[in-house]
There are 2 protein chains.
Amino acid sequence: MPKELNAKSPENQVPTMLDVARRAGVSAMTVSRALKKDGRVSDATRERILAAVNELGYVLDQSAGSLSSRKTGFVAAIIPSINNSNFADTARGITDELENTGLQLLLGYTDYTAEKEEKLIEAMLRRRPEGIILTGGTHTDHARRMLESAGIPVVETWELPPKPIDQVVGFSNEEAMALLVRTLARKGYRKFGYIGGTTSRDTRGSQRRAGFVKAIEELGLPPGRLVSFGVPPISIEQGGQAVVGMLERWPDTEVALCVSDLSAFGAVMECKRRGIRIPQDIAIAGFGDFEIAAYCHPTLTTVNVDCYGIGKQAARKLIQSIKGEDNGLSQEIILTSYRVVERESA
Amino acid sequence: MPKELNAKSPENQVPTMLDVARRAGVSAMTVSRALKKDGRVSDATRERILAAVNELGYVLDQSAGSLSSRKTGFVAAIIPSINNSNFADTARGITDELENTGLQLLLGYTDYTAEKEEKLIEAMLRRRPEGIILTGGTHTDHARRMLESAGIPVVETWELPPKPIDQVVGFSNEEAMALLVRTLARKGYRKFGYIGGTTSRDTRGSQRRAGFVKAIEELGLPPGRLVSFGVPPISIEQGGQAVVGMLERWPDTEVALCVSDLSAFGAVMECKRRGIRIPQDIAIAGFGDFEIAAYCHPTLTTVNVDCYGIGKQAARKLIQSIKGEDNGLSQEIILTSYRVVERESA
DNA sequence: CTGTTAGCGCGTTCAC
DNA sequence: GTGAACGCGCTAACAG
């Protein structure tokens, strides 16, 4: 503890509202009012109270307050990983939108597993959040049940779940990847490869792969060469290894699409290292439009996703539901934008 | 809200422990015991209780519980930004160490300003965390006072504050940057440049710059050419612009050290784009050893910092203090490791 | 504008 | 092994 921690002398206890009240010569209720913006308290007493607050170093105990007011001021958000800049952007969108609403974020991450998500959802619900934001539409049955009986608004993001729990803010990963294939096919590429992870843990990754396969078929192109490499989310390094494997097995591949910009970046850098020219010898495209995509050399063709906007809009919907302004539109699905960004690599 | 939200019919309310108790034919106290691992309850009643919990979809209300037990189970952590992979790694270290301790993380970010930090600290203290982890040693006076009167363990990280509040887990950014200078001087570089942000908002950045200047002086090298560009944290793009500016003003610069890998990466890529050879025409080094540093082309010489370990050790110290196992060692300062990683760019 | 009373949902404590 | 009374720190509701 900071400074001397001399036992539990009363002086050393964290002060309560009652301590402040006594010092200011008022009741606890008046202190409570003075500490809210809307509280009707005379300026004189408010001043005395604030002085007492300062002298004692008093900080409101919101746990106690929310028990009484039946509003915790918490909003929960669950993302796959904090170490992925796309999801970090979403988290920032949520936080920014929450600013000045008095709502505080409880953030957790699942490591891309539904089991961790379930645990996390329970841990969060124990804090009685007033709303919750999830990533994706794949949850355990138990998680779904808990969410349904929690009686709070739920927003699923980053995908378009076939069976939404409540509200949705996202886009079709399948369509977005298909759009990338079509765009590149129009540029003349015909022999497509796809680099992604080995399991379906990352549901968005699976959807992108499905979109790839579907688009290739629809365009009547030669069957796509699918390379699975590493447990999702696959890293920069794995992207490099995967592209090498792809070129060994299918040396005539014209363009490799990667499940995310990280693997695409790894693929690009590994090719440069080996003297393989991009896009002449092989073109490469990513997904997500991470910051590096615009600045690496060659710059990376990719699909830009409105990560920040997903967070912002999800939080906005949640706030509307919480404040009771949702006018029965709560089941509305908000589609977020995506677009192919054509740069040098493909 | 999920499913039908038919007014406030009692059926639709979130069940309390009493509801579970009634359904299982026991008292609320017995339910409380059954839901802890250490509770002494007969297997028969526990089973009945767990069945009731399941049927009702009951989830413990921890806010209420912690009010009574006087333990919130919260730990607060404040980092400059969630969108910086170094700090995201620290956050992950904290979370990993917290797993299975029953402690839950309250995460906030300051955008590198002491004012936001102060607000955040107050917001967190309102939740009565059992401990708090901060980044750096620069805080407002009010923040220091609040922390001191909160009566909880505090860990400052990522730096070595001259006046620590309580515990410290970090390293000297000054020394780390000086080490980089000495290492590169030994390789023969003599004309050093430094690229960093324009303000001292990023205290670690300022310390690195100070370490740069000091080391140059100590080695008796020609004065370092300091380029300030952009409000910290400076981006990939700004790193590219800054190196261009540096080469215009001081074309004979042999090596440019950057405040972080992001700006260094931007500098490297911009040079490649302009056909400037690295390291022959100019060498570049970064700081932080981000994932891209190892995989970009050319690979980036940088200073590796144990970001994850900082988080892990900070959380470990906090847990020890909270569980009361700190044996009076609480003022101990834990130094985390750093090392220069020599790669291709310098 | 201010005070009083009651109770939020749980865990502590003590009794049985 | 189980229950009852009580209170954690605060705010809703009502009174004055």
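Chain naming here is simple, since letters A, B, ... match the order of the sequence lines and numbering starts at 1 in each. Only a predicted model underlies this, so the values are computations on that prediction, with no experimental measurement involved.
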message = Is the phosphate of dG9(C) approached by Y58(B) (side-chain N or O, under 4.0 Å from OP1 or OP2)?
response =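 So the side chain of Y58(B) is outside the cut-off, no N or O lying under 4.0 Å from OP1 or OP2 of dG9(C).
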message = At less than 4.0 Å, is any side-chain N or O atom of S27(A) found next to OP1 or OP2 of dG3(C)? Yes or no.
response =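 For S27(A), the contact criterion (side-chain N or O under 4.0 Å from OP1 or OP2 of dG3(C)) is met.
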If you check the [X] side chain, which of [options] turns out closest?
X	options	answer
R70(A)	dT11(D), dG9(C), dT2(C)	dG9(C)
T16(B)	dT4(C), dG9(C), dT2(C)	dG9(C)
D61(B)	dT12(C), dC1(C), dG9(C)	dG9(C)
L67(A)	dG3(D), dC10(C), dG9(C)	dG9(C)
M17(A)	dA4(D), dT11(D), dG1(D)	dT11(D)
S68(A)	dT2(D), dC10(C), dT11(D)	dT11(D)
T30(A)	dG3(D), dT2(C), dG1(D)	dT2(C)
A64(A)	dC10(D), dA4(D), dG9(C)	dC10(D)
K36(A)	dG9(D), dT11(D), dG11(C)	dT11(D)
M29(A)	dT12(C), dG9(D), dA13(D)	dA13(D)

Can you check whether [Y]'s main-chain N or O pairs, donor with acceptor, with [X]'s side chain at less than 3.5 Å?
X	Y	value
D61(A)	S63(A)	yes
R92(B)	F87(B)	no
E130(A)	G73(A)	yes
T135(B)	T157(B)	no

Rounded interatomic separation in angstrom, taking [atom1] from [X] and [atom2] from [N]:
X	N	atom1	atom2	value
K71(B)	dT12(C)	NZ	C1'	13 Å
R40(A)	dC1(C)	CZ	C1'	9 Å
L18(A)	dT11(D)	CG	P	13 Å
R22(A)	dG3(C)	CZ	P	14 Å
R126(A)	dC10(C)	CZ	P	12 Å

task = State, with a plain yes or no, whether a side-chain heavy atom of Y112(B) is found less than 4.5 Å away from one of S81(B).
result =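 They are in contact (side-chain heavy atoms under 4.5 Å apart), so the answer is yes.
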inquiry  = Within the 4.5 Å heavy-atom criterion, are R127(B) and L106(B) side-chain neighbours or not?
reply    =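 Yes; the side chains approach each other to less than 4.5 Å.
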ask   = At how many degrees, to 10°, do the end axes of the helix from dC1(C)-dG16(D) to dC16(C)-dG1(D) meet when each uses five pairs?
value =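 The value is 30°.
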message = Centroid separation under 6.0 Å, is that true for the rings of F74(A) and F74(B)?
response =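 Distance test on ring centres: under 6.0 Å, yes.
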Derivation of the side chain to side chain contact (heavy atoms under 4.5 Å, CB included) call for T110(A) and E115(A) = CA-CA 8 Å; T110(A) 65; E115(A) 291 67 34; over 6 Å; no
inquiry  = Applying a 4.0 Å non-hydrogen cut-off, can you work out what T45(A) is touching in the nucleic acid: base, sugar-phosphate, or nothing?
reply    =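 Contact class for T45(A): sugar-phosphate only.
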request  = Could you pick out which residue, S42(B) or S32(A), lies toward the 5' side of DNA chain D when each is mapped onto its nearest nucleotide?
outcome  =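 Result of the comparison: S42(B).
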Distances under 3.5 Å between protein N/O atoms and the N/O atoms of nucleotides 14-16 of chain D, please, pair by pair.
none

message = Can you tell me which residue among R144(A), E118(A), E156(A) is in a side chain to side chain donor-acceptor pair (under 3.5 Å) with H139(A)?
response =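 The passing option is E156(A).
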ask   = Salt-bridged, E122(A) to R126(A), with N to O below 4.0 Å?
value =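 Yes, this pair counts.
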